[in-house]
Amino acid sequence: MKKCLIGSLLAFSCFTSQATIVEMQTSHGVIELNLFDQQAPNTVANFLSYIEDDAYNQTVIHRSVSDFVIQGGGFTFTDELVPITTKPTVVNEPVLSNVKGTIAMAKLANDENSATSQWFFNMVDNSEALDTQNGGFTVFGQITAQSQATLDNIAGLVHCGDIPLVDITSEQCSSSDVALSSANFVTINSVVVLDDDPLSSANLNPAANTLISQDDSSAEAGSSISSGGSMGVGFCLIALLGMGKRLKRAKY
């Protein structure tokens, strides 16, 4: 990894990086990822361990917020959302910035070292909020330019709440006459490593997180966003499980 600084200590920072290459085969297209092995080694190792166990296969995209994030890695769906088995939490590594096209770890609100299996794609530049919120969200990879179309396809689906669904109309979201099945969800069919050499993808230029060093008052302000509503990537597991059960009962 080569780090370059331009100007003074407060100036813009950039990295030249190389990375493991991973491919997600989804029901709506392919997402190819370059993982930042050097800048987020613990997070990348954690992510790869779930891939090695096939833990992400047949999981669903359970959260999509317009002009914000698309989130997955936490649940399968049978007749309700079922959480996958998770490993111990991974230490936070907020080295890189949450700019558009990056993938970062989701975690519990007010606990910066609580990430396990869930991740999210930044659909826009979320650096102002997410680089400092809750200790900063760990960016550990970026998508290829061609993969943006897949994420846009998912974002363009009908959403029942924050869940993107297939073959469902907006009106059916509130109906009790429509039963959901796994076919209605965006599914991660498989996640495979295309090249396991951490030096395999050269000439990447991830943006450094230059905001995390700001004072504690700024970080606390960000944390209130995280735990307070739709702008927060910090998630409440109990609430999300409750949503899955409500989906089953209401059958919308």
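- Checked against Lys107 for a side chain to side chain contact (heavy atoms under 4.5 Å, CB included), the options Val90, Thr89, Asn92 give a single hit: Asn92.
- Between Ser117 and Thr86, the closest heavy-atom pair is OG-CG2, 3.7 Å.
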Check against side chain to side chain donor-acceptor pair (under 3.5 Å), Thr20 and Asp37: CA-CA 7 Å; Thr20 300; Asp37 303 72; 2.8 Å; yes

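- Of all heavy-atom pairs spanning Gln71 and Ile61, the tightest one is O-CG2, 3.4 Å.
- Side chains of Thr102 and Asn122: a donor on one and an acceptor on the other come within 3.5 Å.
- The local environment of CG in Asn113 is crowded, with over 12 non-hydrogen atoms from other residues, nucleotides or ligands closer than 6.0 Å.
- Heavy-atom minimum distance, His159 versus Ser64: NE2-OG, 2.8 Å.
- Of all the heavy atoms in Asn184 and Ala179, the pair that sits closest is OD1-O, 4.0 Å.
- Side chains of Ser127 and Asp125: a donor on one and an acceptor on the other come within 3.5 Å.
- Tracing side-chain contacts under 4.5 Å through hydrophobic residues (I, L, V, M, F, W, Y), one reaches Val65 starting from Phe120; they form part of the same cluster.
- Gln25 and Glu23 form a side-chain donor-acceptor contact under 3.5 Å, judged by distance and modelled atom types alone.
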Run the ring pair (Phe, Tyr, Trp, His ring centres under 6.0 Å) check on Phe140 and Phe36 step by step: do they pass? CA-CA 5 Å; Phe140 63 97; Phe36 298 134; 8.7 Å; no

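- At a threshold of 4.5 Å between side-chain heavy atoms, the hydrophobic network of Ile, Leu, Val, Met, Phe, Trp and Tyr places Phe68 and Val158 in two separate groups.
- Across every non-hydrogen atom of Gln38 and Pro41, the tightest pair is O-CD, 3.5 Å.
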Worked verdict on Leu35 versus Leu33 for side-chain contact (heavy atoms from CB on, under 4.5 Å): CA-CA 6 Å; Leu35 305 183; Leu33 300 167; 4.2 Å; yes

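- Ile31 is not connected to Val99 by any chain of hydrophobic side-chain contacts under 4.5 Å among Ile, Leu, Val, Met, Phe, Trp and Tyr, and they are in different clusters.
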Residues Gln146, Glu32; criterion side chain to side chain donor-acceptor pair (under 3.5 Å); working and verdict: CA-CA 8 Å; Gln146 296 87 344; Glu32 188 171 304; over 6 Å; no

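- No path of Ile, Leu, Val, Met, Phe, Trp and Tyr side chains, each step under 4.5 Å between heavy atoms, connects Val192 with Val30, placing them in separate hydrophobic clusters.
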Check against side-chain contact (heavy atoms from CB on, under 4.5 Å), Met105 and Gln118: CA-CA 6 Å; Met105 293 303 293; Gln118 294 195 36; 5.9 Å; no

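- Under 3.5 Å, the side chains of Thr150 and Ser147 contain no donor-acceptor pair of N or O atoms.
- Smallest separation of non-hydrogen atoms from Ile212 and Asn209: N-OD1, 3.1 Å.
- Asn57 contributes atom CG, which lies 11.0 Å from atom OG1 of Thr187 (distance to the nearest 0.5 angstrom).
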Between side-chain atoms of residues 42-50 and protein atoms elsewhere (two or more places apart, or another chain), which donor-acceptor pairs fall under 3.5 Å?
unit_1	atom_1	unit_2	atom_2	d
Asn42	ND2	Glu93	OE2	3.1
Thr43	OG1	Glu93	OE1	2.7
Asn46	ND2	Thr116	O	2.8
Ser49	OG	Asn46	O	2.6
Tyr50	OH	Lys87	N	2.7

